[in-house]
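Written below as structure tokens is the structure these notes are about.
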There are 2 protein chains.
Amino acid sequence: MMSEALRGHLDALILAVLETEPLHGYAVMEALQVSSGGALDLPTGSLYPALRRLDRAGLVESEWSTVGGRRRRTYQLTAAGRRALTNERTKWRDFSTMVEGVLRPGSAPA
Amino acid sequence: MMSEALRGHLDALILAVLETEPLHGYAVMEALQVSSGGALDLPTGSLYPALRRLDRAGLVESEWSTVGGRRRRTYQLTAAGRRALTNERTKWRDFSTMVEGVLRPGSAPA
DNA sequence: TCCTACATGTAGCCAAGCTATCTATCGTGG
DNA sequence: CCACGATAGATAGCTTGGCTACATGTAGGA
């Protein structure tokens, strides 16, 4: 849907929903759906690789558990993850300001 | 710099600077630098392929000329290009609203 | 029994922005 | 005179990361 646009911003979104509490993958998916007002319907083929990427980068850490017979891998932010989130928020603000400025109509010449 | 973040948004930015007047490639580059407040320093390896893409998509059309011994290819928006720009603006607004909503801190639970 | 929701994961595709490189003109400074 | 920076255009090939499609398995309801 907004596939191409998401590039480079997904990590920030995932970190953001993990900020308030640890969540397992599927719950991250649902949290993103809710907090995006239904706009973000992330396929599992995007979500799970992204989580592993964040894991490898040391921004989240995971722990396995079994709830109701189903295996869950629960992720929580590391200290580095929280720092990264702060940084991502700043980068987003800069980026969106930049786009807004260019997209705004009427830098009209003579 | 903001390389990955730009993905999927560059076309909109280019269409935007072409809205007020036709420009040749190099001038598009400069216009983007100015209207982004210096934040966007697009390499030619990004710009020229993007312009050709927009051309193939029928969103701009080009015309060759020679000014001061230098060959210029000047691009201007087509009707479809203007429609696309309007559409891109809407899509950007939706996208940024979505990201803003997810990134905003404090969807805190109990 | 079958379908849906829950839950996790991978292989391989593809688009698009980037680096590096190339060509060529013009003006300026050493 | 020559080197260099700004102007002007272009392409080959790399890389990245989100997506499609697929695979696996449990639980619960129709």
Side-chain angles (χ1 to χ4, degrees), chain A residues 1-15 22-34 36 39-57 59-60 62-75 88 91 95 98-99 102, chain B residues 1-15 22-34 36 39-57 59-60 62-75 88 91 95 98-99 102:
Chain A
M1 193 228 280
M2 51 185 24
S3 352
E4 339 102 65
L6 204 53
R7 278 261 182 165
H9 303 288
L10 181 56
D11 289 4
L13 302 186
I14 293 176
L15 293 176
L23 295 170
H24 61 282
Y26 197 86
V28 167
M29 221 174 63
E30 292 178 315
L32 284 173
Q33 258 175 47
V34 170
S36 71
L40 239 194
D41 197 5
L42 214 57
T44 69
S46 299
L47 178 65
Y48 291 111
L51 285 169
R52 293 189 64 79
R53 204 165 57 230
L54 293 171
D55 199 2
R56 276 198 309 277
L59 305 184
V60 301
S62 62
E63 201 183 325
W64 284 97
S65 62
T66 303
V67 177
R70 292 188 186 98
R71 274 161 65 70
R72 282 182 178 175
R73 189 168 179 175
T74 300
Y75 295 88
E88 289 292 336
K91 284 192 346 196
F95 176 69
M98 183 275 282
V99 174
V102 176
Chain B
M1 191 227 278
M2 52 184 23
S3 354
E4 339 104 63
L6 203 54
R7 277 263 183 166
H9 303 288
L10 180 56
D11 290 4
L13 302 186
I14 294 176
L15 292 176
L23 295 169
H24 60 280
Y26 197 86
V28 167
M29 222 174 61
E30 292 178 315
L32 283 173
Q33 258 174 46
V34 170
S36 71
L40 240 194
D41 197 6
L42 214 56
T44 68
S46 298
L47 178 66
Y48 291 113
L51 284 169
R52 294 191 62 79
R53 204 165 57 230
L54 293 171
D55 198 2
R56 278 199 308 277
L59 304 185
V60 301
S62 62
E63 200 182 327
W64 284 98
S65 62
T66 302
V67 177
R70 293 190 186 96
R71 277 161 60 69
R72 283 182 178 176
R73 188 168 179 175
T74 301
Y75 295 89
E88 290 291 339
K91 284 194 340 198
F95 177 70
M98 184 275 284
V99 174
V102 177

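Values below: every heavy atom of this structure, side chains too, minus hydrogens, waters and symmetry copies. Keep in mind that this is a model prediction, so the values were computed, not measured.
Look at OH on B:Y48: it is 18 Å from P on C:dC22, rounded to the nearest Å. The CG atom of B:L42 sits 13 Å away from the C1' atom of C:dT19 (whole-angstrom rounding). Distance CG (A:L6) to C1' (D:dC19): 11 Å, rounded to an integer number of Å. Put simply, CG on A:L40 is 11 Å from P on D:dG18, counting in whole angstrom units. Regarding B:H9, its NE2 atom lies at a distance of 13 Å from the C1' atom of C:dG17, rounded to whole Å. The CG atom of B:L47 sits 14 Å away from the C1' atom of D:dT7 (whole-angstrom rounding). In this structure, the CD atom of B:E30 is 8 Å from the C1' atom of D:dT7, given to the nearest Å. Look at CG on B:D11: it is 13 Å from P on C:dA15, rounded to the nearest Å.
Screening B:R72, B:R52, B:R73, B:H24 for a side chain to side chain donor-acceptor pair (under 3.5 Å) involving B:S62 leaves a single residue, B:R73.
Map A:R52 and A:V67 each onto its nearest nucleotide of DNA chain C; the residue landing nearer the 5' end is A:V67.
For B:R71 and C:dT25, a side-chain-to-base donor-acceptor distance below 3.5 Å is absent, hydrogens and geometry of angles not being considered. One cannot find a donor-acceptor pair under 3.5 Å joining the base of C:dG17 and the side-chain atoms of B:R7.
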Please write out each protein N/O paired with an N/O of nucleotides 20-22 of chain D under 3.5 Å, distance rounded to 0.1 Å.
none

Could you list the protein-to-nucleotides 27-29 of chain D atom pairs, N/O on both sides, closer than 3.5 Å?
residue, atom, partner, partner atom, Å
D:dA27, O4', A:R70, NH2, 3.0

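For B:E63, the CD atom counts as loosely surrounded, since its 6.0 Å shell holds 12 or fewer non-hydrogen atoms of other residues, nucleotides or ligands.
Contact between the side-chain N/O atoms of B:R73 and the OP1/OP2 oxygens of D:dA10 is found at a separation under 4.0 Å. The shortest distance between the side-chain N/O atoms of B:R53 and the OP1/OP2 oxygens of C:dA15 is not below 4.0 Å. The shortest distance between the side-chain N/O atoms of A:R72 and the OP1/OP2 oxygens of C:dA7 is below 4.0 Å.
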Between A:L42 and A:L10, does a side chain to side chain contact (heavy atoms under 4.5 Å, CB included) hold up when you go through it step by step? CA-CA 10 Å; A:L42 214 57; A:L10 181 56; 3.8 Å; yes

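Here the straight-line distance linking atom CG of B:L40 with atom OG of B:S46 works out to 9.5 Å at 0.5 Å rounding. The structure places CD of A:E88 at 12.0 Å from CZ of A:F95, a figure rounded to the nearest 0.5 Å. For the atom pair CZ (A:R56) and CZ (A:R53), the distance works out to 8.0 Å, reported to the nearest 0.5 Å. Atoms CG and CG, from A:L54 and A:D11 in turn, are 4.5 Å apart once rounded to the nearest 0.5 Å.
Ring geometry, B:H9 versus A:H9: the interplanar angle exceeds 60°, so the pair is classed perpendicular (tilted spans 30 to 60°).
Residues A:L13 and A:L6 have side chains in contact (heavy-atom distance under 4.5 Å, counting atoms from C-beta outward).
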